[in-house]
Amino acid sequence: MNTEILVNSGAALAYGVAGMLVMILGYLLVDLVTPGRLHRLIWEEQNRNASLILSANTLGVAIIVVTAIFASEVGLAIGLMTTVIYGVLGVLMMTGSFLLIDLLTPAKLSTVLSGTHLHPATWVNASAHVSVAAVMAAAIS
C-alpha cells in the first residue's frame with residue numbers, strides 16, 4: 001500500500017476529529033446559553049428555534065474549520081493546533097454574538113428560543129452565527 005495514502009488518511013482523520021471536537025464545544029456553548037437542554041428541545045420537543053440556532057452554529061464551525069485546514073501549510077501538528085485554536089475562537093465569537101444580540105434586543109433570546117413557533121429573532125441570530133464564521137474565515141485566510 002502506498003505510504004502517502006496512509007499518511008494522508010491519518011491526517012484527514014486527525015483533522016476530522018479536531019473539527020468534531022470543536023463542533024462539540026459549539027454544541028455545549030449553545031446548550032449553555034439556551035434555556036433547557038438542547039437534546040430535549042430539539043429531539044423531544046422538536047423546537048425549530050433551537051434547531052435553527054444549533055444548525056447555524058454547526059455550519060459556522062464547519063466554515064471556520066475548513067478554512068483553517070486550507071490555510072494550514074506548516075505541517076500536521078501545527079495545522080491541527082491552529083485549526084483547533086481558530087475553531088475555538090470562532091465558537092467563542094459566535095457565542096459572543098448570541099449574547100450581544102440578546103443584550104441589544106428587547107426580548108430575551110433565551111426565551112424566544114424556547115418558544116414553540118419559529119420566531120424572526122432566531123433567523124437574525126442564526127445569520128449572525130454564519131456571518132461571524134465568515135468573518136473569522138476571511139481573517140484566517
Checklist entry - Which heavy-atom pair separates Tyr15 from Gly79 by the least distance, and what is that distance? => result OH-CA, 3.3 Å
Item to check | Where Ala133 and Met94 come nearest, the two heavy atoms and their spacing | outcome: CB-SD, 4.4 Å
Checklist entry - Should Asn49 and Ile53 be marked as a side-chain contact (heavy atoms from CB on, under 4.5 Å) after you check the CA-CA gap, both sets of side-chain angles, and the distance that decides it? => result CA-CA 6 Å; Asn49 294 304; Ile53 292 298; 5.9 Å; no
Next on the checklist: Nearest 0.5 angstrom please: Leu80 CG to Ile85 CD1, how far?
Outcome noted: 11.0 Å
Next on the checklist: Within this structure, what is the CD-OG distance for the pair Glu4 and Ser9, rounded to the nearest 0.5 Å?
Outcome noted: 10.0 Å
Checklist outcome for this item: Distance col, row Leu92:CG vs Ser97:OG, nearest 0.5 angstrom, shows 11.0 Å
Next on the checklist: How long is the straight-line distance from CG of Leu118 back to OG of Ser51, given to the nearest 0.5 Å?
Outcome noted: 9.5 Å
Item to check | Partners passing side chain to side chain contact (heavy atoms under 4.5 Å, CB included) against Ile140 (at least two apart in sequence or in another chain) | outcome: Ile64, Thr67, Ala68, Ala71, Tyr86
Checklist entry - Would you find more than 12 non-hydrogen atoms of other residues, nucleotides or ligands less than 6.0 Å from Glu44 atom CD? => result yes
Next on the checklist: With a 3.5 Å distance limit and no angle check, can you tell me whether Asn125 reaches the backbone of Ile101 through a side-chain donor-acceptor pair?
Outcome noted: no
Checklist outcome for this item: The reported gap from OG1 in Thr83 to CD1 in Ile69 (rounded to nearest 0.5 angstrom) is 5.0 Å
Checklist outcome for this item: Quick note, ring pair (Phe, Tyr, Trp, His ring centres under 6.0 Å) partners involving residues 114-141, not counting sequence neighbours, are His117-His119
Next on the checklist: Taking transitive links into account, so neighbours of neighbours count too, which hydrophobic residues share a cluster with Val7 at under 4.5 Å side-chain distance?
Outcome noted: none
Which donor-acceptor pairs under 3.5 Å do the side chains of residues 21-33 make with protein atoms, sequence neighbours left out?
unit_1	atom_1	unit_2	atom_2	d
Tyr27	OH	His39	N	3.4
Asp31	OD1	Leu38	N	2.9
Asp31	OD2	Arg37	NH1	3.4
Asp31	OD2	Arg37	NH2	2.9

Checklist entry - Taking the hydrophobic residues Ile, Leu, Val, Met, Phe, Trp and Tyr, and joining any pair whose side-chain heavy atoms are under 4.5 Å apart, which ones share a cluster with Val130? => result Ile63
Item to check | Remaining members of the apolar cluster that contains Leu59, side-chain heavy atoms under 4.5 Å | outcome: none
Checklist entry - If every non-hydrogen atom of Ala56 is compared with every non-hydrogen atom of Ala126, which pair is closest and at what distance? => result CB-O, 3.4 Å
